[in-house]
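Scope of the values below: all heavy atoms of this structure, side chains included, with no hydrogens, waters or symmetry mates.
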Amino acid sequence: MLATLEGTAFVARVAVNNPANLMKAKKAVRKAFQMQIEEMGFSLVEILLSCPPTGGLIPWRPIAGSKKR
């Protein structure tokens with residue numbers, strides 16, 4: 001929804017559930033900062049994390065579930 005607004009330069013949603021996605025997240029954050037530095041417009045990066053272990057789940061189960069979706 002934000003991507004359609006006027007003045008939006010960069011919007012991304014990334015996950016950090018494995019090393020490959022972590023690298024994509026780092027690139028997205030760098031790109032967002034670069035867009036802001038160059039004053040190209042508004043930038044936003046949404047980073048998706050797994051549930052905290054205190055949520056009653058074993059830590060690797062939320063990650064496995066996110067791969068199925």
Return all side-chain donor-acceptor pairs below 3.5 angstrom for residues 36-46, not counting sequence neighbours, or 'none' if the list is empty.
residue	atom	partner	partner atom	Å
Q36	OE1	S43	N	3.0
E38	OE2	Q34	NE2	2.8
S43	OG	A32	O	3.4
E46	OE1	R13	NE	2.9
E46	OE1	R13	NH2	3.2

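- In the hydrophobic cluster analysis, where Ile, Leu, Val, Met, Phe, Trp and Tyr join through side-chain heavy atoms closer than 4.5 angstrom, L49 is grouped together with V29.
- One hydrophobic cluster holds both I47 and L22 under the rule that ILVMFWY side chains link at heavy-atom gaps under 4.5 Å.
- Pairs of residues two or more places apart, or lying in two chains, never qualify as salt bridge (charged side-chain N to carboxylate O under 4.0 Å, His left out) while including a residue from residues 16-25.
- Residues that satisfy the side-chain contact (heavy atoms from CB on, under 4.5 Å) test with K31, not counting sequence neighbours, are F10, M35.
- In this structure, A25 and V16 approach most closely via the heavy-atom pair CB-CG1, 3.9 Å.
- In the hydrophobic clustering of ILVMFWY residues, with side-chain heavy atoms under 4.5 Å counting as a link, F33 and V14 come out together.
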